[in-house]
Amino acid sequence: MGNVVSQQLTLFLLSILLGSSLGLLYDLARSLRTLGGRWWGATVDAAYCITAAAALFFFIMAGDGELRLFILLGTLGGAVLHFCLLSPLLRPLLAFWLDIFLLPLACLGKFLKKCEQICKKLFSFWQKWFTIILTHRRPRLPAKQGGRQVHGQGTKKTPQQ
């Protein structure tokens with residue numbers, strides 16, 4: 001029938017925890033956003049906004065489905081606390097672990113780049129080899145054909161008899 005103050009206090013503290021966890025998720029999204037260009041950043045931001053809205057919606061639905069102002073203030077306060085206290089400490093740590101996590105992909109990219117260079121050299125070599133072989137095996141035309149000389153040695157016409 002009535003609301004107990006201890007339940008509201010618990011809900012307020014949980015909303016602060018939700019705000020802090022959303023701030024942590026935002027720091028992770030910030031680290032991921034640096035990996036790509038403009039479209040990748042927009043995609044990561046959109047995914048974060050959808051996730052944050054869904055988390056807040058489900059949190060409110062778990063608390064009897066009533067939207068209370070202190071839940072929104074607690075969530076905002078938790079995010080502000082996270083950004084003021086923990087974010088400067090966690091940002092380099094998240095960047096470090098992201099670099100460690102992406103190290104195998106970077107090595108794979110370097111390996112594929114090296115394979116591409118080798119294949120390009122081999123293709124160029126075989127293309128030149130095939131052209132040389134094809135050119136040497138091509139039947140040669142006679143020196144004179146139809147009154148003109150072939151292969152750019154002049155265009156004199158011979159007198160017809």
Indicate, with yes or no, if [Y] and [X] share a hydrophobic cluster defined by side-chain heavy-atom contacts under 4.5 Å among Ile, Leu, Val, Met, Phe, Trp and Tyr.
| X | Y | answer |
| --- | --- | --- |
| Leu11 | Leu13 | yes |
| Leu73 | Ile16 | no |
| Phe57 | Tyr48 | no |
| Leu14 | Phe58 | no |

Taking the side chain as every heavy atom from C-beta outward, state whether [X] and [Y] have any pair of such atoms under 4.5 Å apart.
| X | Y | value |
| --- | --- | --- |
| Arg68 | Ile60 | no |
| Leu56 | Leu72 | yes |
| Arg30 | Asp27 | yes |
| Leu98 | Leu28 | no |
| Leu103 | Asp99 | no |

Output the distance between atom [atom1] ([X]) and atom [atom2] ([Y]), rounded to the nearest 0.5 Å.
| X | Y | atom1 | atom2 | answer |
| --- | --- | --- | --- | --- |
| Leu22 | Leu76 | CG | CG | 11.0 Å |
| Leu94 | Ser87 | CG | OG | 8.5 Å |
| Leu17 | Leu81 | CG | CG | 11.5 Å |
| Leu25 | Leu32 | CG | CG | 9.0 Å |
| Leu24 | Leu86 | CG | CG | 8.5 Å |
| Trp40 | Leu35 | CH2 | CG | 7.0 Å |

Might you point out which heavy atoms bring [X] and [Y] nearest each other, and give the distance in Å?
| X | Y | answer |
| --- | --- | --- |
| Phe83 | Pro88 | O-CD, 3.6 Å |
| Arg33 | Tyr26 | NH2-OH, 3.5 Å |
| Ser15 | Ile71 | CB-O, 3.6 Å |
| Ala95 | Ser31 | N-OG, 4.2 Å |

Partner residues of [X] under the side-chain contact (heavy atoms from CB on, under 4.5 Å) criterion, sequence neighbours left out:
| X | answer |
| --- | --- |
| Ser20 | His82 |
| Leu112 | Leu108 |
| Ile50 | none |

Original post:
Is the Phe70 ring parallel, tilted or perpendicular to the Phe12 ring (thresholds 30°, 60°)?
Top reply: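 The rings of Phe70 and Phe12 sit tilted, inter-plane angle from 30° to 60°.
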
**OP:** Look at the side chain of Ser21 and the backbone N and O of Leu18, then say whether any donor-acceptor pair between them is shorter than 3.5 Å.
**Re:**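 Yes, the answer is positive, given that a donor and an acceptor are paired below the 3.5 Å cut-off.
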
